[in-house]
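The next block holds one structure in the form of structure tokens; read it before the comments.
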Amino acid sequence: MGIRKLKPTTPGQRHKVIGAFDKITASTPEKSLVVGKKSTGGRNNTGKMTMRYLGGGHKQKYRFIDFKRNKDGIPATVKSIEYDPNRTSRIALLYYADGAKSYIIAPNGLEVGQTVVSGSEVAPEVGNTLPMANIPVGTIIHNIELRPGQGAKLVRSAGAFAQLTSKEGDYAIIKMPSGETRKILAACKATVGSVGNSDHGLEKSGKAGRSRWLGRRPHNRGVVMNPVDHPMGGGEGRASGGHPRSRNGLYAKGLKTRAPKKHSSKYIIERRKK
């Protein structure tokens, strides 16, 4: 998976860097795994705007992704690698030996025709899902569960990976993409390998219109507002706005917002680097 830099034939093309679709093998999704998706434009059930800077964008369909991988021992063949508008990573369509079909997040190096399988006794190879108790120490992993059977919650975006650094009793010690080191129950499943489409971070939209296609509306800063609209608004000329804070007065730079008695703090060995 690479990127394409376009020739500056127009102002919008000049800085445009987009992902190459060379690894994508299918242009239409599997019909049984797709459902329509309603766009809210950031409004709630009464029509009141509760999220700013959202709206418009291209119509999207939601693809059901199998984050649980609980068809243990049944081999599945990778039928295609597809684009998913709902996430940064690519998805892979699996055809199971028993006739079932499902989508998974496509790891780096997964090819069409390859066989993947889940279960406690499977080999720790790219695309296979197994409990972390059975994964060798030092392995690169993604799609990590927080509770056994819950389904993958961590390390799912393009290019992300975590590392299984050690094991202590019932827990596996994981080095997260943020740099945080934390404990997770070794009975939780994880998928071997790193998430594909690792060049996603190098992409540049090139023009404002590409943001609008993604449903992102123009974002205006607090310092340009009036005092009635934002704590940093007002002042004569280009006033700096005082202490950086959010619209509801919460300090934005350096204030610790994590709850001091949060139950998961006991599982965090080392916090992420600032």
Side-chain angles (χ1 to χ4, degrees), residues 1-7 13 16-37 57-119 122-130 139-144 151-152 155-161 177 189-206 210 213-215:
M1 182 62 67
I3 53 171
R4 289 191 298 147
K5 186 160 184 3
L6 282 81
K7 290 183 179 177
Q13 303 283 68
K16 187 174 173 182
V17 181
I18 56 172
F21 288 77
D22 50 346
K23 296 280 172 69
I24 289 176
T25 61
S27 55
T28 53
E30 169 61 39
K31 209 168 183 181
S32 61
L33 298 172
V34 162
V35 70
K37 198 174 98 170
H58 201 288
K59 199 178 177 88
Q60 296 172 341
K61 288 181 177 155
Y62 183 75
R63 281 88 167 145
F64 290 108
I65 310 292
D66 179 17
F67 287 115
K68 292 195 174 179
R69 297 289 293 276
N70 47 16
K71 292 178 76 69
D72 291 355
I74 304 172
T77 306
V78 179
K79 185 72 175 174
S80 62
I81 307 288
E82 297 179 18
Y83 171 79
D84 188 350
N86 306 292
R87 62 195 72 250
T88 55
S89 55
R90 304 286 181 243
I91 56 175
L93 178 61
L94 302 186
Y95 277 25
Y96 283 91
D98 63 356
K101 299 174 186 177
S102 75
Y103 277 123
I104 62 165
I105 285 179
N108 218 359
L110 193 73
E111 302 286 344
V112 173
Q114 210 168 310
T115 301
V116 295
V117 66
S118 62
V122 303
E125 296 170 354
V126 170
N128 289 357
T129 300
L130 57 160
T139 305
I140 297 296
I141 54 175
H142 67 282
N143 272 14
I144 305 167
V155 195
R156 307 189 329 190
S157 62
F161 62 88
K189 285 182 176 179
T191 306
V192 178
S194 63
V195 184
N197 195 22
S198 53
D199 289 327
H200 173 76
L202 302 174
E203 291 182 19
K204 291 180 182 175
S205 63
R210 275 181 75 83
W213 299 342
L214 297 173

Smallest separation among heavy atoms of [X] and [Y], with atom names:
X      : Y      : answer
Ile141 : Ala190 : CD1-CB, 4.0 Å
Pro29  : Val34  : CB-CG2, 3.5 Å
Thr77  : Thr115 : OG1-OG1, 4.3 Å
Gly127 : Arg69  : O-NH2, 2.8 Å

[atom1]/[X] to [atom2]/[Y] distance, rounded to the nearest 0.5 angstrom?
X      : Y      : atom1 : atom2 : answer
Glu82  : Leu33  : CD    : CG    : 9.0 Å
Thr129 : Ile144 : OG1   : CD1   : 11.5 Å
Arg4   : Lys16  : CZ    : NZ    : 7.5 Å
Asn143 : Lys189 : CG    : NZ    : 12.0 Å
Leu110 : Thr191 : CG    : OG1   : 10.5 Å
Asp199 : Ile18  : CG    : CD1   : 12.5 Å

Q) Mind checking whether Leu94 and Val78 have side chains closer than 4.5 Å, heavy atoms only? A) yes
Q. Side-chain contact, heavy-atom cut-off 4.5 Å: Val116 with Val122?
A. no
May I ask you to decide if [Y]'s main-chain N or O and [X]'s side chain share a donor-acceptor pair within less than 3.5 Å?
X      : Y      : result
Asn86  : Lys61  : yes
Thr88  : Ala158 : yes
Arg210 : Gly206 : no

(Q) So for atom OH, which belongs to Tyr62, do other residues, nucleotides or ligands contribute more than 12 heavy atoms lying within a distance under 6.0 Å? (A) yes
Q | Salt-bridge contact Asp66-Lys71 (side-chain N to carboxylate O under 4.0 Å) | A | no
Got a sec, which residues hit side-chain contact (heavy atoms from CB on, under 4.5 Å) with [X], two or more places apart in sequence or on another chain?
X      : value
Val17  : Ile3, Lys5, Lys204
Asn108 : Ser194, Ser198
Ala106 : Ile81, Arg90, Ala92
Val195 : Ser89, Ile105, His142

Q.
For residues 100-118, which residue pairs pass the salt bridge (charged side-chain N to carboxylate O under 4.0 Å, His left out) check, not counting sequence neighbours?
A. Glu30-Lys101
Q.
Under the ring pair (Phe, Tyr, Trp, His ring centres under 6.0 Å) definition, can you give me all pairs with a residue in residues 82-111, not counting sequence neighbours?
A. Phe21-Tyr83
